[in-house]
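What follows is a set of notes on a single structure, which appears directly below.
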Amino acid sequence: MVEHVDETWQRGLAIVAHPDDMEFGAAAAVARWTAQGKEVAYALVTSGEAGIDGMDPAEAGPLREEEQRASADIVGVSEVDFLRLPDGVLEYGVALRRDLSRLIRKHRPDIVITNNFRDSWDPDGNALNMADHINVGRATLDAARDAGNRWVFREQIDEGLERWGGVKQVWAAGSPRSRHAVDTTATFDVGVRSLEAHAAYLRGLQGFEAAEFLESVGRQVGANLGVKYATGFEVFRLGLL
C-alpha cells in the first residue's frame, strides 16, 4: 500500500521537460487540486520541438506550446511558462539549476512537482527513461534548495527576486519508487481530455489511445491506494525536520 500525499498546501509549481509530460498521468491530480482552490503553475523547460518525427522543429515547437496551453487550461492552470531550451539535449548542471531557481523564486510554491527522474519507469529497468526527464528532475530537486539560499545565484536577488525557502516537498510523478499517491478517480476524465489536447503529438504515436493508457496506469496505482484511479509520486522532503 501507498500513503496519501499531504494536500495541506496552497501553491504548486510543476517543472517538466516537455509539453505532455504532466499529462501522461499527473494532469488528473492537478485538476483535483485546482478544483480544491489551490494555485498551480506550469513551467516547460523545452517546447518539445524535437518530439514529432514527421514535423520540422520550427513548426512543431509553436504548435506544441499552443497545445500545452490548451491542455493546461482544461485542468485549471492558466499560467504556463516556456524556457525554450533545446529539446532532446538538455544538460544537468549549474546553468539549468539557475534557470529553475529563478522560476521557483518567481512563483514561490509550497510544493514543486516534476517527472520521474530515475533511470527507468519500472523497478526492473525494462522501460528506460530519457535524459531530458532525468536531467530536469534532478535539477529541479537541487533548484528547490538553491532557491532558499540567498548566496546561491545571488544575482537574482540583486535583480529584485527574493530567496524562497518555502518549498516543503518535491514530488516526482510516475517514479518506480513512488510511496505516495493522490486519488484521481473524480478527475480522471479531465486528465484524459488534457492529454488528448496534445493532438499533433499523439497522432505521431500511431494508434496510441490516451484513455486506455491512463486507465492502465491509474488503476494500478489506485489499487495500491484503495481507490479506482490514482497518480503516484516519489516524495522528497526538504529541510532537516
Does [X] belong to the same Ile/Leu/Val/Met/Phe/Trp/Tyr cluster as [Y], with side-chain heavy atoms less than 4.5 Å apart forming each link?
X: Ile15; Y: Ile111; answer: no
X: Leu103; Y: Leu44; answer: no
X: Leu90; Y: Leu141; answer: yes
X: Val182; Y: Ile74; answer: yes
X: Val80; Y: Ile113; answer: yes

Does a side-chain N-to-carboxylate-O contact under 4.0 Å join [X] and [Y]?
X: Arg150; Y: Glu162; value: no
X: Glu234; Y: Arg118; value: yes
X: Arg98; Y: Glu155; value: yes
X: Arg138; Y: Asp142; value: yes
X: Glu59; Y: Arg64; value: no

Check: [X] side chain, [Y] main-chain N or O, donor-acceptor pair, under 3.5 Å:
X: Asn135; Y: Ala131; result: yes
X: Arg108; Y: Trp164; result: no
X: Ser47; Y: Glu49; result: no
X: Ser194; Y: Ser71; result: yes
X: Asn116; Y: Ala173; result: no
X: Ser120; Y: Asp122; result: yes
X: Thr185; Y: Tyr229; result: yes
X: Glu159; Y: Gln156; result: no
X: Arg11; Y: Glu39; result: no
X: Ser216; Y: Phe213; result: yes

Quick one: are [X] and [Y] in side-chain contact, heavy atoms under 4.5 Å?
X: Thr231; Y: Val221; answer: no
X: Ile104; Y: Val167; answer: yes
X: His18; Y: Asp87; answer: yes
X: Val217; Y: Trp121; answer: no
X: Asn129; Y: Asp119; answer: no
X: Val136; Y: Val16; answer: no
X: His180; Y: Trp171; answer: no
X: Thr114; Y: Val170; answer: yes

Could you give the distance from [atom1] ([X]) to [atom2] ([Y]), rounded to the nearest 0.5 Å?
X: Asp21; Y: His133; atom1: CG; atom2: NE2; value: 3.5 Å
X: Phe208; Y: Glu196; atom1: CZ; atom2: CD; value: 9.5 Å
X: Glu91; Y: Leu96; atom1: CD; atom2: CG; value: 9.5 Å
X: Tyr42; Y: Asp73; atom1: OH; atom2: CG; value: 10.5 Å
X: Asp146; Y: Arg97; atom1: CG; atom2: CZ; value: 4.0 Å
X: Ser178; Y: Leu225; atom1: OG; atom2: CG; value: 11.5 Å

Using every non-hydrogen atom in the two residues, find where [X] and [Y] come nearest and quote the distance to one decimal.
X: Phe24; Y: Leu214; value: C-CD2, 3.9 Å
X: Arg105; Y: Asn149; value: NH2-O, 2.9 Å
X: Phe82; Y: Pro19; value: CE2-CG, 4.3 Å
X: Ala181; Y: Ala230; value: CB-CB, 4.3 Å
X: Met22; Y: Val30; value: CE-CG2, 3.6 Å
X: Leu13; Y: His107; value: CD1-CD2, 3.8 Å

Kindly determine whether Thr140 and Val112 satisfy side chain to side chain contact (heavy atoms under 4.5 Å, CB included), including the steps that lead there. CA-CA 8 Å; Thr140 297; Val112 173; 3.5 Å; yes

Check whether more than 12 heavy atoms from other residues, nucleotides or ligands sit under 6.0 Å from atom CG of Asp53, and answer yes or no. no

When you look at CD of Gln10, are more than 12 heavy atoms from neighbouring residues, nucleotides or ligands closer to it than 6.0 Å? yes

Check the pair Asp132 / Val45 against side chain to side chain contact (heavy atoms under 4.5 Å, CB included), numbers first and verdict last. CA-CA 9 Å; Asp132 280 1; Val45 177; over 6 Å; no

Intermediate values then yes/no, side chain to side chain contact (heavy atoms under 4.5 Å, CB included), Arg179 and Val235: CA-CA 7 Å; Arg179 298 293 181 268; Val235 172; over 6 Å; no

Lys168 charged N/C atom sitting above Trp9 aromatic ring, 6.0 Å / 45°: no

Would Lys106 and Asp81 count as a salt bridge (charged side-chain N to carboxylate O under 4.0 Å, His left out) here? Give the steps. CA-CA 11 Å; Lys106 170 188 172 183; Asp81 291 335; 3.2 Å; yes

For Glu7 and Lys38: C-alpha separation, side-chain torsions, deciding distance, then whether salt bridge (charged side-chain N to carboxylate O under 4.0 Å, His left out) applies. CA-CA 10 Å; Glu7 294 183 289; Lys38 301 184 193 303; 5.9 Å; no

